[in-house]
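Quick notes on the structure that follows.
Labels below follow one simple rule: chain letters A, B, ... track the order of the sequence lines, proteins then strands, and each chain is numbered from 1. Predicted, not measured: the structure shown is a model, and the values here were computed from it.
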Amino acid sequence: MGIDLYANSSVCAVFENTAGDAPISSPLAHLDKLKFHSSLDYVEFDQKVTGSVTLPARTYGSVGTALYPILAHGRSAAPLVTGICTILGNEIPLAGFTPIQTAIAGQFRRAIFVSSDATYVYLGESYLARGPASAAIEFASVLVSYTVYLSRRTMPYAAPVYAADMLNLSAAQAIMGRGRFDASKKYFRADSTGALMADKGRTGSLYVAGAGVAPFYNAPQWGYKCGSYEFNAAANAGAGFVPGTPTRIDA
Amino acid sequence: MPFEMMPGRFVLTDTDGRVAFDTNYRSLHQLGYFSGSFVIPQRSCIGTELDVAATYSIGSVSPFANMLMGSFYVTRIGTFPTGVFEVVPLGVWLPVGGTVDLTLGRGQTFLTSGVVQTGGADGSDLVGVQQLTFEIIGSSVVATERAKYVLTRTAGLQQTTFGGSASYQIDYHVFAMACDL
C-alpha cells in the first residue's frame with residue numbers, strides 16, 4: 001500500500017492508492033482509503049480540560065438541574081464541547097445525559113452532562129429524587145472526574161470561507177484544501193488508543209412491560225447503554241433498544 | 001513546519017514538532033453540516049397515558065456518515081410543564097450525541113380535583129420520561145422525540161387531565177461525520 005498526495009488548482013487529496021486515483025474524483029465512494037480531501041471538512045480541536053467536581057447529595061423531594069463552571073473559556077461564543085468522565089473507576093463518555101445514580105428501574109436518577117455558553121464550559125447534573133413517601137430516594141454526594149474537549153468551532157456555527165492555497169508545504173506552513181487542514185491547528189481523529197469516547201447514536205431506552213390491569217397500570221422504565229456502561233439492562237432488552245456504539249477519538 | 005513522505009506514510013509536523021497530520025491515523029471526515037430549528041409541541045396527558053414517538057427531519061447525508069457532532073440549544077415556549085418536571089438545562093449549548101431527557105414524571109399526584117400534590121400514595125403520580133436524540137437513520141439525519149407517561153393508579157382520582165410537558169424550541173448545528181471506516 002502506498003500513500004499518494006495529489007493537488008491541482010481545484011482539488012487536494014491524500015489517500016491510499018490501492019484503488020488507483022479514484023479517491024481524487026470520487027471521495028465519498030472511497031472514504032475507507034481517504035486521509036484528506038478538499039471537498040470535505042474536518043472538525044478542529046482546540047483545548048482539553050481535566051478536573052473533578054463533587055456533586056452534592058440530593059435529598060428526598062429534590063428535582064432540577066445544576067451547572068458547575070469548569071472553565072472560563074474566554075471566547076466570543078459558546079464552544080462545541082464533548083467529553084468523558086470517570087466515576088468509581090469507570091470511564092464513561094459524556095454522551096447526552098449519562099446516568100450515574102439511579103433507583104427503581106431508572107424512575108429516579110441523577111445524570112450528568114457537559115455544556116457551554118458564551119462564558120463558561122460546564123459540567124451539569126439533572127436529578128429527580130422525588131416521589132411517594134414509600135420510595136424516599138436520596139442520592140449521596142459523588143465525585144466526578146472529567147476530561148472535556150473544546151473545539152475551535154463556536155455556536156451558533158458559521159462555516160468559514162476557505163481562501164488559502166490549495167496546497168502549501170513550506171518551512172513556514174502546511175496547508176491543504178485552501179485551509180481545511182492547517183498544521184498549526186489540531187483536528188479530531190479516530191484513534192483506537194485515544195482518550196475520548198464519542199457516542200455514535202442513541203443511548204436511552206424507553207420500555208413498558210404491558211399495560212397492566214385497571215386501576216393499576218405499569219410504569220414506563222428507561223435505561224441507558226453506551227459501550228459497556230449500562231443501566232437497567234432489562235428495560236433496554238425489553239424495549240428492543242439498539243444503542244449507538246462509542247468510538248475512541250483523539251486530537 | 002516539516003513534512004515527510006515515505007513509502008506508505010505521509011506526516012506533517014508543526015513548528016514544535018507535534019504531529020499535525022499522519023496517514024497512520026484515521027481522519028474524521030465531515031460529510032454534512034446542518035443548522036436550523038424545530039419545535040416540539042406541548043404534550044398533554046389526557047386520560048391516563050401519553051405516548052409519543054415523533055421524528056424531526058434535519059437533512060440527508062451520505063450513507064457513509066455514522067456519527068454526529070455538534071450542539072443544540074433548548075428554549076421553553078409558553079407554559080411551564082405541569083404534572084411532570086423539566087430536567088433539561090435551558091440557556092446552554094448541549095453536545096449532539098446520545099439521548100437527553102427533556103422532562104421526567106414522578107412525585108406529583110392527582111388525588112384532589114384541580115390540585116397537583118406531592119408525596120401522595122404510591123402509583124398515583126404521572127410516571128415517565130420525554131427523551132430527545134439526534135441520530136442517523138439510513139441516509140437521514142433526524143431528531144427523535146420519545147415520550148411515555150402513565151398514571152399508574154387511577155382509583156380515587158378526581159380529575160381527568162393530568163398535565164404534561166411544555167413546548168420546546170430546539171436550535172441545532174449538526175455535523176455528520178464518517179468515523180471508523
Side-chain angles (χ1 to χ4, degrees), chain A residues 1-3 5 14 28 31-32 35-36 40-43 63 65 67 78 80-82 95-97 107 114-117 122 124 126 128 130-134 155-157 159 169 171-174 181 183-184 188-191 198-204 206 208 215-217 219-220 222 247, chain B residues 1 3 7-10 12 14 20-21 23 25-31 33 35 48 62 64 66-67 69-71 85 87 89 91-95 97-101 104 106-107 119-123 125 127-129 131 133 135 146 148 150-155 173 175 178-181:
Chain A
M1 177 193 73
I3 294 290
L5 165 62
V14 181
L28 294 183
L31 284 171
D32 59 330
K35 303 299 182 182
F36 173 84
L40 304 178
D41 214 340
Y42 299 87
V43 178
V63 59
T65 60
L67 299 172
L80 186 161
V81 292
T82 184
F97 278 13
Q107 292 176 15
V114 63
S115 63
S116 65
D117 63 16
Y122 302 95
S126 168
L128 187 149
R130 177 171 182 146
S134 63
M155 300 293 141
Y157 178 67
L169 301 178
Q173 60 182 351
F181 174 84
S184 67
F188 288 112
R189 63 193 181 207
D191 184 347
D199 177 67
K200 296 196 293 185
R202 181 175 292 265
T203 53
L206 182 53
V208 181
F216 300 101
Y217 301 94
W222 49 100
T247 188
Chain B
M1 199 77 65
F3 62 94
R9 193 174 185 186
F10 174 40
L12 289 168
D14 68 8
F21 182 86
T23 52
Y25 291 115
R26 289 169 295 172
S27 300
L28 284 179
H29 304 287
Q30 179 186 313
L31 305 186
Y33 164 57
S35 65
T48 58
S62 160
F64 296 105
N66 61 0
M67 187 178 92
M69 299 182 80
S71 301
F85 294 104
V87 293
V92 294
W93 289 90
L94 293 162
T99 301
V100 166
D101 298 338
L104 280 174
R106 199 69 162 98
D122 278 345
D125 52 354
V127 180
V129 64
Q131 302 171 326
T133 308
E135 55 191 330
R146 184 75 179 94
K148 179 83 173 179
V150 173
L151 194 70
T152 54
R153 191 175 70 174
T154 57
H173 294 262
F175 311 105
C179 177
D180 274 347
L181 297 166

Exercise. Yes or no on side chain to side chain contact (heavy atoms under 4.5 Å, CB included) for B:Leu31 and A:Leu28, after CA distance, side-chain angles and deciding distance?
Worked result: CA-CA 8 Å; B:Leu31 305 186; A:Leu28 294 183; 3.7 Å; yes

Interchain contact, [X] with chain A, by part (heavy-atom threshold 4.5 Å):
X: B:Arg9; value: backbone
X: B:Ser35; value: neither
X: B:Gln30; value: both

Exercise. A:Leu80, A:Asp117, A:Leu40, A:Leu206: which one forms the most heavy-atom pairs within less than 4.5 Å of chain B?
Worked result: A:Leu206

Problem set entry | chain B contacts, top residue of A:Ser116, A:Ala219, A:Gly124 (heavy-atom pairs, under 4.5 Å) | A:Ser116

Quick one: closest heavy-atom pair of [X] and [Y], and the distance?
X: A:Ser115; Y: B:Leu94; result: CB-CD2, 3.8 Å
X: B:Val100; Y: A:Gly96; result: CG2-CA, 3.8 Å
X: A:Leu31; Y: B:Ala178; result: CD1-CB, 4.1 Å
X: A:Pro220; Y: B:Gly128; result: CG-CA, 4.1 Å

For this session: Output yes when a side-chain donor or acceptor of B:Ser27 lies under 3.5 Å from a complementary backbone atom of A:Lys35, and no otherwise.
Result: yes

For this session: Would you check if the side chain of B:Thr99 reaches a backbone N or O of A:Thr203 as a donor-acceptor pair within less than 3.5 Å?
Result: yes

To the closest 0.5 Å, what do you measure between [atom1] ([X]) and [atom2] ([Y])?
X: B:Phe64; Y: A:Asp32; atom1: CZ; atom2: CG; value: 8.0 Å
X: B:Asp101; Y: A:Phe97; atom1: CG; atom2: CZ; value: 6.0 Å
X: A:Met155; Y: B:His173; atom1: CE; atom2: NE2; value: 6.5 Å
X: B:Met67; Y: A:Phe188; atom1: CE; atom2: CZ; value: 8.5 Å

Seminar exercise, completed: Across all chains, not counting sequence neighbours, the ring-ring contact (aromatic ring centres under 6.0 Å, His included) partners of B:Phe10 are B:Phe21

Problem set entry | Student check: side-chain heavy atoms of B:Leu104 and A:Val63 closer than 4.5 Å | no

For this session: Report the residue from A:Phe181, A:Tyr42, A:Phe36 that forms a ring-ring contact (aromatic ring centres under 6.0 Å, His included) with B:His29.
Result: A:Tyr42

Problem set entry | All salt bridge (Lys or Arg N to Asp or Glu O under 4.0 Å) counterparts of A:Asp41, not counting sequence neighbours |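 Listed in chain order: A:Arg153.
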
Exercise. Of the backbone (N, CA, C, O) and the side chain (C-beta and beyond), which part of A:Thr65 lies under 4.5 Å from a heavy atom of chain B, both, or neither?
Worked result: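 A:Thr65 touches chain B through side-chain heavy atoms alone.
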
